[in-house]
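Residues take their numbers from the sequence shown, with the count starting at 1.
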Amino acid sequence: MTEQEQLRLDARSAVLKALAHPTRLWLLEQLQQNERCVCDLTDGVNADISTVSKHLSVLKQAGIISSRREGKKSFTALRPHVC
């Protein structure tokens with residue numbers, strides 16, 4: 001296996017690991033519809049902001065989502081494509 005193949009497979013593995021949690025799958029289902037404020041996602045998951053932020057961080061590190069700030073609010077969206 002070449003180094004480039006290994007990097008590609010490592011990235012794909014990170015995506016699969018990020019998807020391996022029911023809460024993160026729910027978050028992605030919500031983001032399929034449109035960009036969402038983190039506060040809305042927190043209400044929907046019935047968890048505190050730190051828990052939701054941790055889940056979103058895992059998804060962001062895997063390259064599945066992106067985020068932006070608008071004032072005090074943070075918005076999250078799906079990235080156009082993964083792997």
Inset, instruction - Group every Ile, Leu, Val, Met, Phe, Trp and Tyr by side-chain heavy-atom contacts under 4.5 Å, then state whether V45 and L31 land in the same group. - result: yes

Legend entry - Sub-4.5 Å side-chain heavy-atom contact between L27 and I65: no

Legend entry - Q32 side chain near L28 side chain, heavy-atom distance below 4.5 Å: no

Inset, instruction - Would you indicate whether the side-chain heavy atoms of R79 and I64 approach each other to under 4.5 Å? - result: no

Inset, instruction - Indicate if V15 and L9 have the same hydrophobic cluster label, given that clusters are the connected sets of ILVMFWY residues with side-chain heavy-atom separations under 4.5 angstrom. - result: no

Inset, instruction - State, to 0.1 Å, how close A14 and A62 come at their nearest heavy-atom pair, and which atoms those are. - result: O-CB, 3.7 Å

Inset, instruction - Report the distance from atom NZ of K54 to atom CG of L56, rounding to the nearest 0.5 Å. - result: 11.0 Å

Inset, instruction - State the CD-CG distance between E3 and D10, to the nearest 0.5 angstrom. - result: 10.0 Å

Inset, instruction - Please tell me if the side chains of K73 and F75 come closer than 4.5 Å, counting only heavy atoms from C-beta onward. - result: yes

Inset, instruction - Supply the atom-to-atom distance C39 SG to K72 NZ, rounded to the nearest 0.5 angstrom. - result: 13.0 Å

Legend entry - Donor-acceptor side-chain pairing of D48 and T51 below 3.5 angstrom: yes

Inset, instruction - Mark yes or no for whether R24, through its side chain, and L19, through its backbone, hold a donor-acceptor pair below 3.5 Å. - result: no

Inset, instruction - Would you name the heavy atoms of R68 and E70 that are closest together and state the gap between them? - result: NH1-OE1, 2.8 Å

Legend entry - Verify same cluster id: L59, L78 (apolar side-chain graph, 4.5 Å): yes

Inset, instruction - Answer with yes or no whether the side chains of S66 and K60 bring together a donor and an acceptor at under 3.5 Å. - result: no

Inset, instruction - Assess whether atom CD of Q4 is packed by more than 12 heavy atoms of other residues, nucleotides or ligands within 6.0 Å. - result: no

Legend entry - Single-linkage hydrophobic cluster, 4.5 Å side-chain cutoff, V58 and W26 together: no

Legend entry - Main-chain N/O of V38 paired to T42 side chain as donor or acceptor, under 3.5 Å: yes

Legend entry - Side chains of T76 and R36 in contact at under 4.5 Å (non-hydrogen atoms): no

